[in-house]
> 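Take a look at the following structure, please.
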Amino acid sequence: MSPVPRAAPSQRQSILDARAFARALQRMAVQIVELAGDTGDLVLVGIQRRGVELAERIAGLIERAEGVAVPRGALDITLYRDDLETVGPKPVIGETRLPGDLTDRHAVIVDDVLYTGRTVRAALDELADFGRPKRISLCVLVDRGGRELPIQADIVGHTIKTRPRDRVEVQVQELDGRDAVDLVRGEGA
Amino acid sequence: MSPALGKDLIGLEPLSADDIRLILDTAEPFKEVSERPIKKVPALRGKTIVNLFFEASTRTRISFEFAEKRLSADTVNVAATGSSVQKGETLVDTARNLEAMRIDMVVIRHGSSGAAEFLGKRIRSNVINAGDGRHEHPTQALLDLLTLRDRHGRIEGLKVCLVGDVLHSRVARSNIWGLLKLGAEVAVCGPHTLMPRGITELGVTVFSRIEEAITWADALNVLRLQLERMETGFIPSLREYYRVFGVTLERLERAARPLTIMHPGPMNRGVEIDSRVADGPHSVILDQVTNGVAVRMAVLYLLAGGKPELADAAKRGAGAPGGTTE
């Protein structure tokens, strides 16, 4: 990621502060358990980078509430992107680590922002190379609309309407020192 | 995103330290791909790669082929024997004919120094040097660097000695460039007749006795002794060579600390290296082979994506601190 200059404060709007962020994760954890019914075959797979941290947190919340162990994994979809030619290679490829064979498990993909759906498309392709889960669900912190593929999330922490030039910035404690979601308005859109 | 890596990979001499680190860092995640149940990712789907080998090679060719296939590229192997190369077709004609069949990359090994660069300037496809004469063998040096970094956690400040036929070795040349650029201390050791002139001007130490090299070094990269060197008078006999320069267990046991032992292969056991050393606990010779596939995947991946102007345009539209969208 290249450093992008911070936008002026007037263009930045808070979507979730730390407390709303925590409540959203709590709700998402409960909804995952309700969706799964049985937590025995649940696997949470976070998409690099911030999806990995979110999956870790949600898995922790489920473990505390239900008293069960929830395996988690990390997925880097860079090598499954359909736009290597246009964006150029990303030299910093994150770690991919999955807790064993996914066959007959219920895999829940966790990501920070759902936008065009192309990341999820790539993640579905990549997961298929690690086995045949009996079910794959999608759980995102923010759905900002703008889909380019027929993909939808099963569980959403927060939904917002955005324009193509807007940016949704998700920050997590582990990487950024605070939990927050901001909307940065792009110019001229 | 790939800053100075151009269209081709000809050698390590023209690369910056950042370029080399970029390749090594990119190789890291590719190691894991080879451990997956399905050892394949679609990154180079639809790319056609020709492995054009004018010299015999088993390890390097197979390593490139695995790297290409694990990235989902389509590959064709062309060996000098049994092709129109034997009928006297020139290098450029061969490549242009291949290019007319719409290929994307050429991996070339050739007996003449400069062959890869010559080809790269004349065709549009990416060219990767898999060894050209006595000039360079960049992917071998990159896998050596990756193996050293795995073992020692760093390259900077590491003392590495290349042992043997440095004069004729493209592996040595590429290693010297790569190690110096990443801040290692470099030495060479071998018979006077097999040391290139002027090597000390690069800042490389020369040891004439293997015992001195062993006392000094953290790691030895033992080069293959080309057996025909004896016939051409560079060394008196293989037995004599082993007696004076052989990397033996007895010699290593005298060192204060264990040395990491590397060899680019194929080994002449009992000539340049003792079998007990090659198979010993400090040998990373098979790790080098494993890392070779990952490093070649990284090079193929980085060269294949290179459309800097498009990358810049895409970066302006996306990418931000605090994780954005797709």
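Protein chains get the first letters and strands the later ones, always in sequence-line order, with residue 1 at the start of each.
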> Is a salt bridge present between B:Lys31 and B:Glu35, judged by a nitrogen-to-oxygen distance below 4.0 Å?
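No salt bridge links B:Lys31 with B:Glu35.
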> Just list the side-chain donor-acceptor pairs under 3.5 Å for residues 117-127 of chain B, sequence neighbours left out, or say none.
from: B:Glu117; atom 1: OE2; to: B:Lys121; atom 2: NZ; distance (Å): 3.2
from: B:Arg122; atom 1: NH1; to: B:Phe118; atom 2: O; distance (Å): 2.9
from: B:Ser125; atom 1: OG; to: B:Glu99; atom 2: OE2; distance (Å): 2.8
from: B:Asn126; atom 1: ND2; to: B:Lys7; atom 2: O; distance (Å): 2.8

> Sort and list the pairs that fulfil side chain to side chain donor-acceptor pair (under 3.5 Å) and have at least one residue in residues 53-76 of chain A, not counting sequence neighbours.
A:Glu56-A:Arg72, A:Arg57-A:Glu174, A:Arg57-A:Asp179, A:Glu63-A:Arg72, A:Asp76-A:Thr78
> Hey, which residues of residues 25-40 of chain A are touching chain B, say heavy atoms under 4.5 Å apart?
none
> Do A:Asp154 and A:Val108 have side-chain heavy atoms sitting under 4.5 Å apart?
no
> Checking B:Asp104 now: which residues fulfil salt bridge (Lys or Arg N to Asp or Glu O under 4.0 Å) with it, not counting sequence neighbours?
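Listed in chain order: nothing, the list is empty.
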> Using heavy-atom distances under 4.5 Å, tell me whether B:Leu44 contacts chain A through its side chain, its backbone, both, or neither.
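Side chain only.
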> Hey, does the side chain of B:Arg154 reach the backbone of B:Glu156 with a donor-acceptor pair shorter than 3.5 angstrom?
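At least one qualifying donor-acceptor pair exists.
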